[in-house]
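Whatever order the structure lists ligands and atoms in, that order sets their numbers, starting from 1. Since the model is a prediction, treat every value here as computed from it, not as a measurement.
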Amino acid sequence: MANSNGVAIEDRFHFDLTGFVILRGVLSPSECQAYLDVLGELEAQEYEDVWLEAKGPGKPTKETHREHQVRLNGLPRLDPIFDRLIDHPRVLPYLKEFVGQPQLINTWSISKFEGAKQGGRHRGVPTTDYAYRNGEIRSRMFNVVYFLTDNGPEDGSILALPGSHKSNFDLDWKQYEGLALPGSVTVTGKAGDVFLFSEAVIHDGLPKTTDGVRSNLYYNYVHAHYNVMFREPKNCHHFYFPPEIRQRLTPGQKELTEWMELARWEY
Ligand SMILES: O=C(O)CCC(=O)C(=O)O
């Protein structure tokens, strides 16, 4: 049974219990291929990042410092194909239900190849940024991960700790390799599936031991009361879309990026 936002009670139960849900078959094989084709072209390019001269230090558009891995930051700045995932109709009800007043803060892609190592366990916000009050779930930061390729157990998939969005004590995460951290699970899925999680959940990227590429897109949202430009000053360039990009967005996408009308980011 779905509520007024169109989210089933089972999904609310599962999200509150674990900190995440997986939606199956959100993107079709041809949609995944279209994103992969564009991503392949973008990953092959180099970026001048002239903004770094005025605003640096900051994160470059293309990050290759991790072996066998390429990350691109600020996707809609790079190609308009990425606009439509800002408010995907299968995901939007969950943004409203689990964030409240969602605003897009960050977008990136990660492509991993054989030999990519484990990343590093982290959470984007503390457990105090997840709440259930008066019948409402509120996640101050929420990540939407689109799988463009299969994410199998050895494909460098995401590791998550179910329930860690409300865990009461921490361990020394660095001491534990891969799934050795008690309670860890590998989040597996097929190309086209979407993993939605509270950024209070402890997570990581596992090593990739298979051949081929694993590519995911990440759309990260915060509640409107969160100070977006204060979060990571070195990353503001990738968070913020200038008016020439926002003017091509649909009304729904403009609503989810409304904070950008109030921010200053000239250089
Ligand atoms: O997909 C991965 O490799 C891990 C991604 C991740 O943990 C992150 O981007 O915060």
Protein contact of atom 1 (O) of ligand 1 - nearest heavy atom, named by residue and atom, plus distance: Tyr218 OH, 2.4 Å
Determine, stepwise, if the pair Asn227 / Trp259 fulfils side chain to side chain contact (heavy atoms under 4.5 Å, CB included). CA-CA 9 Å; Asn227 189 329; Trp259 68 267; over 6 Å; no
Nearest neighbour in protein (non-hydrogen) for atom 4 (C) of ligand 1: Gly205 CA, 3.6 Å
For atom 3 (O) of ligand 1, the closest protein heavy atom turns out to be Lys112 NZ, 2.9 Å
For atom 8 (C) of ligand 1, the protein heavy atom that lies nearest, with its residue and separation: His122 NE2, 3.9 Å
Carboxylate-amine/guanidinium proximity below 4.0 Å for Glu261 and Lys254: no
Would you mind checking if Arg123 and Asp129 are paired as a salt bridge, meaning a charged N to carboxylate O distance below 4.0 Å? no
For Arg214, the atoms of ligand 1 under 4.0 Å from one of its heavy atoms are 1 (O), 2 (C), 3 (O)
Could you tell me, atom by atom, which parts of ligand 1 come under 4.0 Å of a heavy atom of Trp108? 9 (O)
Heavy-atom contacts with Ile110 under 4.0 Å: which atoms of ligand 1 show up? List them by number with element. 5 (C), 9 (O)
More than 12 heavy atoms of other residues, nucleotides or ligands under 6.0 Å from CG of Asp172: yes or no? yes
Looking at Lys112 and Asp155, is any side-chain nitrogen of the basic one under 4.0 Å from a carboxylate oxygen of the acidic one? no
More than 12 heavy atoms of other groups within 6.0 Å of Glu63 CD: yes
